Structures are given as C-alpha cells and as structure tokens.
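Have a look at the structure below before the remarks.
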Amino acid sequence: MELVMFEEQLLVQLPDSFTEMEKSRIDGMYPYEEKPQIILEDESTHRFCTFSQILSQKLAGNQLEYAIKEVCSIVTSLYPSCLLGEPGLIYCQGGRCGWFSFRAAGMEGELFHVMYILPVNGCMVLGTAGCTADDKEGKKWMMEMIRSLKPCKKKYSFEIKRKELYYKR
C-alpha cells in the first residue's frame, strides 16, 4: 500500500499488513509524553515504523549528513553500547535520507532499529523502523521502506484533499 502523510507531503510504500499500533502497545514502547506522530506495526512479524514531521526543526538537503551524525551522537550518548554501524546516507525516491542502525531492548526481546531523517519542504522528518534482532528479512524490509520514501512539494491548503495525519492510497 502507499501511505500518504503530513498533508500529502510524504509518501511511503508499506505492506498491507501494517496497521496503527494499539494505544496500550504504544504506551509500553514509548512511555514518555512525546510520542512519534504516526506509529504502525505488523503484529505477526513484530515489525514497526514511525514517522514524525518536526516543523520547528528546519533541514535542508545539504545539512543532511551533519544532521544524521548529530542525531546518532545524541542517541549513542544516551545508550552508549547501542550503535551497530556508522551513520550514512541512502538514496530514496525523492533524494537522500540519513540513517543509522542501533539495538535496543523491546517487549519481544532485543530489537534492531534503523533511525532515519530526511528533509521534507525544509523541515525534518524523523522516523524509526524496527524488527526483532534475528529477523533478517525485516532488516531488508526496513531499507526497502526507507528507499521508498518520497517527499512531495508542499500543497497549498485549498489543494489538500484530506486533513488526516496519514491515509492509505
């Protein structure tokens, strides 16, 4: 399925099996007040992904490499032994996306995460994708999902067809 987010500013391809995570699971995974804006999961495979558009954090394409290194530095300063590789850049449908991988404890055991950022109309979109640590296909899926990200030029309010945070197309 194609997921359309943030007033048609970002598109991503996801398997049809992804649905909104239940509130009780969200509260368990994200026990703090500020949570990602969109949290989706495939319960049968224990895979998940999040998307947040941070309008107050400006980001241009030429700042991407610096920004992902800074985000990586923040995460590893909080969790020093979690990093699994150096941050890097990957090409997606609309340009480039910064990413890095890390491990963390989860409700189903150890999880493999990929955190990514990309500029969308001058603002940062921050997200994560995750699966169980032994899910080799899940790790491949995460990179495919990131490659499918497609930022779109901002539409004026009279052009926006829907007001939801996201919808399936």
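If you're wondering where the values come from, they're calculated on a predicted model, not measured in any experiment.
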Quick one: [atom1] on [X] to [atom2] on [Y], what's the gap to the nearest 0.5 Å?
X: I117; Y: R96; atom1: CD1; atom2: CZ; answer: 11.0 Å
X: M5; Y: L40; atom1: CE; atom2: CG; answer: 8.0 Å
X: I38; Y: Q53; atom1: CD1; atom2: CD; answer: 9.0 Å

Identify the two heavy atoms, one from [X] and one from [Y], that lie closest to each other, and give their separation to 0.1 Å.
X: P31; Y: K35; result: C-NZ, 4.3 Å
X: C82; Y: Y79; result: SG-O, 3.0 Å
X: P151; Y: L10; result: N-CD1, 3.8 Å

* Does S77 have any side chain to side chain donor-acceptor pair (under 3.5 Å) partners at least two apart in sequence or in another chain, and if so, which? ->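 By the side chain to side chain donor-acceptor pair (under 3.5 Å) rule, S77 matches no residue at all.
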
* E20: what forms a side chain to side chain donor-acceptor pair (under 3.5 Å) with it, not counting sequence neighbours? ->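 E20 satisfies side chain to side chain donor-acceptor pair (under 3.5 Å) with Y166 once adjacent residues are dropped.
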
Are the side chains of [Y] and [X] in contact, using a 4.5 Å heavy-atom criterion?
X: S52; Y: V125; answer: no
X: M115; Y: L126; answer: yes
X: C131; Y: W141; answer: no
X: I39; Y: P36; answer: yes
X: R103; Y: F112; answer: no
X: Y116; Y: M142; answer: no
X: M143; Y: I90; answer: yes
X: Y32; Y: D27; answer: no

* Would E2 and Y167 count as having a side-chain donor-acceptor pair, cut-off 3.5 Å? ->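 Not at all, the side chains of E2 and Y167 share no donor-acceptor pair under 3.5 Å.
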
Indicate every side-chain donor-acceptor pair of residues 54-75 with a distance under 3.5 Å to a residue at least two apart or in another chain.
from	atom 1	to	atom 2	distance (Å)
K58	NZ	L55	O	3.1
Q63	OE1	A60	N	2.8

* **Heavy atoms of other groups near K150 NZ, more than 12 under 6.0 Å** =>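 No, the 6.0 Å shell around NZ holds no more than 12 heavy atoms from other groups.
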
* I146 and L118: CA distance, side-chain angles, deciding distance, side chain to side chain contact (heavy atoms under 4.5 Å, CB included) verdict -> CA-CA 10 Å; I146 291 171; L118 71 153; over 6 Å; no

* salt bridge (charged side-chain N to carboxylate O under 4.0 Å, His left out) contacts touching residues 44-56 (sequence neighbours left out) ->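 For residues 44-56, and leaving out neighbouring residues, the salt bridge (charged side-chain N to carboxylate O under 4.0 Å, His left out) pairs sorted by first residue read R47-D135.
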
* Asked: Taking it one step at a time, do C152 and E8 satisfy side chain to side chain contact (heavy atoms under 4.5 Å, CB included)?
  -> CA-CA 7 Å; C152 302; E8 300 185 3; over 6 Å; no

* To do: Step by step, work out the side chain to side chain contact (heavy atoms under 4.5 Å, CB included) result for L84 and F100.
  => CA-CA 8 Å; L84 295 173; F100 65 94; over 6 Å; no

* Examine M124 and L89 and state if one hydrophobic cluster contains both, with Ile, Leu, Val, Met, Phe, Trp and Tyr joined whenever side-chain heavy atoms are less than 4.5 Å apart. =>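 Yes, because M124 and L89 connect within a single hydrophobic cluster, where side-chain heavy atoms sit under 4.5 Å apart.
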
* I would like to know whether L111 and F102 meet side chain to side chain contact (heavy atoms under 4.5 Å, CB included); could you show each step before the answer? => CA-CA 8 Å; L111 297 176; F102 63 99; over 6 Å; no

* Evaluate salt bridge (charged side-chain N to carboxylate O under 4.0 Å, His left out) for E144 paired with R147, printing each intermediate quantity in order. => CA-CA 5 Å; E144 290 171 11; R147 284 186 193 97; over 6 Å; no

* **Carboxylate-amine/guanidinium contact R25 E22, below 4.0 Å** =>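 Answer for the salt bridge query: no.
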
When the side chains of residues 11-19 are checked against the rest of the protein, which donor-acceptor pairs come out under 3.5 Å, sequence neighbours left out?
from	atom 1	to	atom 2	distance (Å)
D16	OD1	M1	N	3.2
S17	OG	D42	OD2	2.7

* To do: Could you list the residues that satisfy ring pair (Phe, Tyr, Trp, His ring centres under 6.0 Å) with F48, not counting sequence neighbours?
  =>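 Scan of F48 (ring pair (Phe, Tyr, Trp, His ring centres under 6.0 Å), adjacent residues dropped) gives H113.
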
